[in-house]
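Count residues from 1 along the sequence. Values below: every heavy atom of this structure, side chains too, minus hydrogens, waters and symmetry copies.
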Amino acid sequence: QVVLTESGGGSVQAGGSLRLACASSHLLYNPDCMGWFRQVSGEEREAVAVISKDGTTDSADSRKGRFTISKDKPKNILYLQMNNLTPEDSAMYYCAAAGRTPCTVQARNKYGMDVWGKGTLVNVSA
């Protein structure tokens, strides 16, 4: 099975930015749907943004305008650009993939994903 590895997390002050990256163990891996999820201890994991095989994106309403998901196709790397961060954004962020559609935040929250990375921690201080 393909292995997903996240990087780019860390500690930043409110208003700062981070760029998370997710690398696949297989360079040509191109599933129907990939996305970024977040989870705070004691709460359910939830989708932040997803991107389909053809490049169509969907994101949680609370993140639109601040978070942007994208793919570097030649390198097969998934990114999440996070701008204007707030303490409420602090969480463990996971990269995930699914060989199914639809590729929307709502659908993936409901039906889940097939492959998960181990996560990268984001901490935003006031």
Side-chain angles (χ1 to χ4, degrees):
Q1 187 176 47
V2 67
V3 176
L4 303 177
T5 303
E6 303 96 334
S7 62
S11 298
V12 298
Q13 293 185 329
S17 299
L18 285 174
R19 191 190 195 193
L20 307 185
C22 173
S24 171
S25 60
H26 300 310
L27 189 62
L28 299 181
Y29 184 58
N30 189 25
D32 291 329
C33 188
M34 295 195 71
W36 289 96
F37 291 69
R38 55 165 278 157
Q39 186 171 29
V40 177
S41 180
E43 300 181 2
E44 294 185 358
R45 189 173 299 185
E46 61 180 2
V48 174
V50 296
I51 185 167
S52 66
K53 182 181 295 185
D54 68 0
T56 302
T57 62
D58 185 41
S59 61
D61 290 340
S62 62
R63 322 294 178 189
K64 290 182 178 178
R66 297 194 300 117
F67 291 6
T68 303
I69 189 170
S70 63
K71 289 190 295 185
D72 183 329
K73 188 174 181 179
K75 297 181 179 179
N76 203 22
I77 299 176
L78 181 72
Y79 294 103
L80 183 68
Q81 180 67 48
M82 305 189 296
N83 296 326
N84 195 25
L85 288 162
T86 71
E88 289 73 26
D89 295 319
S90 298
M92 184 72 74
Y93 285 77
Y94 298 89
C95 174
R100 298 169 290 166
T101 58
C103 191
T104 64
V105 166
Q106 183 179 44
R108 294 300 103 201
N109 275 334
K110 182 176 182 178
Y111 298 111
M113 306 292 278
D114 302 317
V115 182
W116 294 90
K118 293 183 178 181
T120 185
L121 185 63
V122 171
N123 183 52
V124 184
S125 59

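Leu80 contributes atom CG, which lies 6.0 Å from atom CZ of Phe67 (distance to the nearest 0.5 angstrom). For the atom pair CD1 of Ile51 and CG of Asp58, the computed distance is 11.0 Å after rounding to the nearest 0.5 Å. Distance OG/Ser11 to CG/Asn123: 4.5 Å, rounded to 0.5 Å. One finds the CE atom of Met82 at 12.0 Å from the CD1 atom of Ile69 (value rounded to the nearest 0.5 Å).
Counting all heavy atoms, side chain and backbone alike, Leu27 lies closest to Pro74 at CD1-O, 3.9 Å. Nearest heavy-atom pair across Ser125 and Pro87 is C-CG, 4.4 Å.
When the side chains of ILVMFWY residues are joined at heavy-atom separations under 4.5 Å, either directly or via intervening members, Trp36 and Val124 end up in a single hydrophobic cluster. In this structure, Val105 is not a member of the same hydrophobic cluster as Tyr93, with clusters built from ILVMFWY side-chain heavy atoms closer than 4.5 Å. Placement of Val12 and Val48 within a single hydrophobic cluster is found when ILVMFWY residues are connected by side-chain heavy-atom separations under 4.5 Å, directly or transitively.
Residues Thr104 and Gln106 bring no donor and acceptor atom of their side chains to less than 3.5 Å of each other.
In this structure, Tyr94 and Met113 have side chains that are not in contact, with every pair of non-hydrogen atoms separated by 4.5 Å or more. Side-chain contact check for Leu20 versus Thr120: some heavy-atom pair is nearer than 4.5 Å. Counting heavy atoms from C-beta outward, Leu18 and Leu85 have side chains that approach closer than 4.5 Å. The shortest side-chain heavy-atom distance between Asn30 and Lys71 falls under the 4.5 Å cut-off. Between Leu4 and Glu6, every side-chain heavy-atom pair lies at or beyond the 4.5 Å cut-off. With contacts defined as side-chain heavy-atom distances shorter than 4.5 Å, the pair Glu46/Gln39 does not qualify. With contacts defined as side-chain heavy-atom distances shorter than 4.5 Å, the pair Arg108/Arg100 qualifies.
For Asp72, there are no salt bridge (Lys or Arg N to Asp or Glu O under 4.0 Å) partners two or more places apart in sequence or in a different chain.
Figure legend: Arg19 and Tyr79 shown as a cation-pi pair, the cationic atom lying under 6.0 angstrom from the six-membered ring centre and within 45 degrees of its axis.
Within the 3.5 Å criterion, the main-chain N or O of Val3 finds a donor-acceptor partner in the side chain of Ser25. Between the side chain of Asp114 and the main chain of Ala98, no donor-acceptor pair closer than 3.5 Å is present.
Under 4.0 Å is where a charged nitrogen must lie from a carboxylate oxygen, and between Lys53 and Asp32 at least one such pair does.
Identified under the disulfide (SG to SG under 2.5 Å) test for residues 67-126, with sequence neighbours left out: Cys22-Cys95, Cys33-Cys103.
Heavy atoms of other residues, nucleotides or ligands lying less than 6.0 angstrom from OH of Tyr29 number more than 12.
Under the side chain to side chain donor-acceptor pair (under 3.5 Å) rule, Arg66 has a single partner from Thr86, Asp89, Asn84, which is Asp89.
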